[in-house]
Number of protein chains: 2
Amino acid sequence: MATARTTAAERRRQILDAAVRVFARQGFHTCRVSDIADEAGVAYGLLYHYFRSKDEVLDTLFLERWDVMVELIEQVDARTELTAREKLAAITSFIIDSYRHDPDLMKVVIVEVTRAANTFGRTHLDAINRAYGSIAKIIEKGMASGELRDTITPQFAAMTFYGAIEQALTGWIFDMLPTGDESFEQIKGFVVDTICGGLDARPAPDPPAGV
Amino acid sequence: MATARTTAAERRRQILDAAVRVFARQGFHTCRVSDIADEAGVAYGLLYHYFRSKDEVLDTLFLERWDVMVELIEQVDARTELTAREKLAAITSFIIDSYRHDPDLMKVVIVEVTRAANTFGRTHLDAINRAYGSIAKIIEKGMASGELRDTITPQFAAMTFYGAIEQALTGWIFDMLPTGDESFEQIKGFVVDTICGGLDARPAPDPPAGV
DNA sequence: CCAGCGATTGACTCGTCAGTCAATCACGTC
DNA sequence: GACGTGATTGACTGACGAGTCAATCGCTGG
């Protein structure tokens with residue numbers, strides 16, 4: 001019987017949601033635990049009833065989101081009817097839509113964990129690398145089928161691809177890129193076009209020199 | 001007359017160099033000012049004789065290095081005999097060599113400032129954007145001359161290009177990429193090849209559909 | 001109506017550091 | 001060889017914030 005007004009799960013969620021807003025607004029290191037409690041409208045101590053530490057709150061938020069992303073990547077990879085380029089487009093679209101849908105959460109994931117691998121991400125390097133690995137697999141298959149060039153390693157290609165997306169998100173987070181639905185869609189196209197098509201104008205078939 | 005053993009400038013340098021090592025090893029937020037003083041072999045208080053705060057030490061390190069980089073980019077751009085691709089290759093080479101030459105310093109610049117734009121970089125967003133702007137100008141000229149495709153904005157192309165380099169540095173910093181001279185040279189090639197040439201195998205001239 | 005138990009509260013403890021400052025040192029100068 | 005100035009020292013202060021805990025609340029089942 002759901003304990004009256006709010007269940008334990010709901011309360012926990014309420015704290016997590018408040019934490020997202022606070023982390024996004026003030027940054028993880030800068031905010032106090034009391035800020036999160038205030039934002040959630042609960043007492044300071046209650047936070048420690050649901051989480052072992054301030055760190056655990058961030059960990060939870062990150063993993064919740066990141067796991068969804070990794071799973072999405074793997075699902076996309078499984079759709080054998082898609083070309084590598086289409087798979088990359090689907091992933092790009094998903095991540096950018098994630099940002100569009102909940103910018104605060106993505107900001108926390110990117111700024112406080114992914115891009116802060118020193119402090120925090122070190123703990124999550126494995127999770128981060130799993131994502132790279134899955135993307136690399138997609139690219140590897142694309143190379144095997146002849147769709148993609150195999151002059152670079154799939155590993156590096158995956159890093160560059162993900163880097164381009166992260167760079168775009170960072171651009172929005174720090175107001176270096178215009179926001180708005182058109183911008184989101186435009187950038188989706190840019191990411192795939194840049195990574196797959198490259199900057200060079202057409203004529204320039206093979207790498208420099210040769211035997 | 002150089003005050004005996006060490007001049008003021010030398011002492012200052014000594015502290016900055018120690019700070020680089022400490023920041024690289026422990027991270028800016030995690031280390032104590034006393035760690036820097038110890039590493040430099042000077043008393044705690046002396047640090048405040050040369051710098052107003054712990055932050056100012058990091059600011060100084062970042063700006064010292066970043067300014068050199070921005071200037072390099074502008075110098076490269078001025079060499080009109082180079083193609084856009086060659087300019088991008090020169091910039092890539094310079095940044096990667098900077099890392100090879102002083103990994104600790106580049107680690108601090110990237111991890112503690114550039115990629116931590118929330119905490120710190122916010123102060124330095126202007127400096128960071130200046131670099132993007134200079135790269136964008138190179139790309140813009142390349143587009144104007146017909147060397148590069150102009151289906152994406154120079155601004156976005158610059159972000160992706162710089163993002164690819166940063167991603168590579170991050171890969172080395174967190175041991176996701178093998179170190180060693182060959183790796184450095186190989187990645188230089190990868191960056192330019194990926195960004196300019198794209199992942200697609202040749203035949204695929206124009207964007208999808210069309211009028 | 002009461003006992004029991006998890007949820008909830010927030011004042012308090014306890015460490016940790018950034019930054020200060022008065023004292024001391026080591027030159028160069030006259 | 002005394003004086004003054006800037007370099008150097010490190011003990012100390014003050015603020016701050018994570019995590020604790022004993023007390024209270026409000027169900028629920030008997």
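None of the values given here were measured: they were computed from a predicted structure. Reminder, nothing fancy here: chain letters follow the sequence lines and each chain counts from 1.
Nearest to the side-chain atoms of A:V42 among the listed nucleotides C:dC17, D:dT8, C:dT9 stands C:dT9. Nearest nucleotide to the B:A43 side chain, out of C:dA7, D:dT9, D:dA7: D:dT9. Among the nucleotides C:dG19, D:dG10, C:dA7, the one closest to the side chain of A:L46 is C:dA7. Listed nucleotides: D:dG10, C:dG19, C:dA7. Nearest to the side chain of B:K54: C:dG19.
Between the CG atom of B:L47 and the P atom of C:dT20 there is a distance of 12 Å, rounded to whole Å. Across the protein-nucleic acid pair, B:R32 atom CZ and D:dG10 atom P stand 16 Å apart, rounded to whole Å. Rounded to whole angstrom, the span from the CD1 atom of B:I36 across to the C1' atom of D:dT8 amounts to 17 Å. B:R12 has its CZ atom 16 Å from the C1' atom of D:dG6, to the nearest Å. For A:H29 and D:dC16, the NE2 to C1' distance is 16 Å, given to the nearest whole Å. Distance A:L58 CG to D:dA18 C1': 15 Å, rounded to the nearest Å. Nucleotide C:dA11 holds its C1' atom 15 Å from the OH atom of A:Y48, rounded to whole Å. The nearest whole Å value for the distance from the CD atom in A:Q26 to the C1' atom in D:dG17 is 13 Å.
At a cut-off of 3.5 Å, with distance as the only test, no side-chain donor of B:T123 or B:D59 sits close to an acceptor on the other residue.
Of the charged side-chain nitrogens involved, at least one lies within less than 4.0 Å of a carboxylate oxygen, so that B:R100 and B:D181 count as a salt-bridged pair. A salt bridge does not link A:R130 to A:D126: none of the charged nitrogens lies less than 4.0 Å from a carboxylate oxygen.
As judged by a 4.0 angstrom heavy-atom cut-off over every strand, A:F51 is placed among residues making no nucleic acid contact.
Between the side chain of B:Y44 and the base of C:dA18, at least one donor-acceptor pair of N or O atoms lies under 3.5 Å.
For the OP1/OP2 pair of C:dT8 and a distance below 4.0 Å, the side-chain nitrogens and oxygens of A:H49 include no atom meeting the criterion. Between A:R11 and C:dT8 there is a side-chain polar atom (N or O) within less than 4.0 angstrom of OP1 or OP2.
Aromatic ring orientation, A:F28 versus A:F23: perpendicular (interplanar angle above 60°, classes split at 30° and 60°).
Taking CZ of B:R21 as the start and CD of B:Q26 as the end, the distance is 12.0 Å to the nearest 0.5 Å.
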